[in-house]
Amino acid sequence: MINDFGQIAVLSILSHLIFITISWWALQAIRLDKLLKPNHVFQARLLYILLAIFMGSSVSNFFLDYLQWSQQLPLILQFSTWKK
């Protein structure tokens, strides 16, 4: 049981890091510099980082939720046969 928590924690950390990295890479295709004020480089970089974290975490949470739900689907069948 405790090993499962460790595996879930490692999977969650890796998933978040991977999807944040993918989000960072995808954000590089957008030219946000046209929307930002000139000479505000630090704020622009911080905005990119925050957007990458927000997007990556959201996608990672969706992925992890979907994985968890798909693992719980067999429990529906077990419960329905147990109730009979």
Let me check something: do [X] and [Y] share a hydrophobic cluster, defined by ILVMFWY side-chain heavy atoms less than 4.5 Å apart, either directly or through other members?
| X | Y | value |
| --- | --- | --- |
| L35 | L51 | yes |
| V41 | I30 | no |
| L64 | I18 | yes |

- Item | Value rounded to 0.5 Å, distance of OG in S12 from CD in Q68 | 9.5 Å

- Query: For the atom pair CG (L67) and CG (L11), what is the distance rounded to the nearest 0.5 Å?
  - Reply: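 Taking CG in L67 and CG in L11, the distance rounds to 6.0 Å.
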
- F63: ring-ring contact (aromatic ring centres under 6.0 Å, His included) partners, not counting sequence neighbours: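 ring-ring contact (aromatic ring centres under 6.0 Å, His included) list for F63, sorted by chain: F19.
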
- Answer yes or no: is there a side-chain heavy-atom contact under 4.5 Å between I53 and W24? no

- Item | Pairs where residues 43-60 contributes a residue and the test side chain to side chain donor-acceptor pair (under 3.5 Å) is met, not counting sequence neighbours |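 For residues 43-60, and leaving out neighbouring residues, the side chain to side chain donor-acceptor pair (under 3.5 Å) pairs sorted by first residue read S15-S60, H16-S60.
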
- Note on the structure: Heavy atoms of L36 and A44 approach each other most closely as CD1-CB, 3.4 Å

- Please test M55 against I22 for side chain to side chain contact (heavy atoms under 4.5 Å, CB included), starting from the C-alpha separation and ending with a verdict. CA-CA 9 Å; M55 289 172 42; I22 291 170; over 6 Å; no

- Determine whether more than 12 heavy atoms belonging to other residues, nucleotides or ligands lie under 6.0 Å from atom CG of N39.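 Open.
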
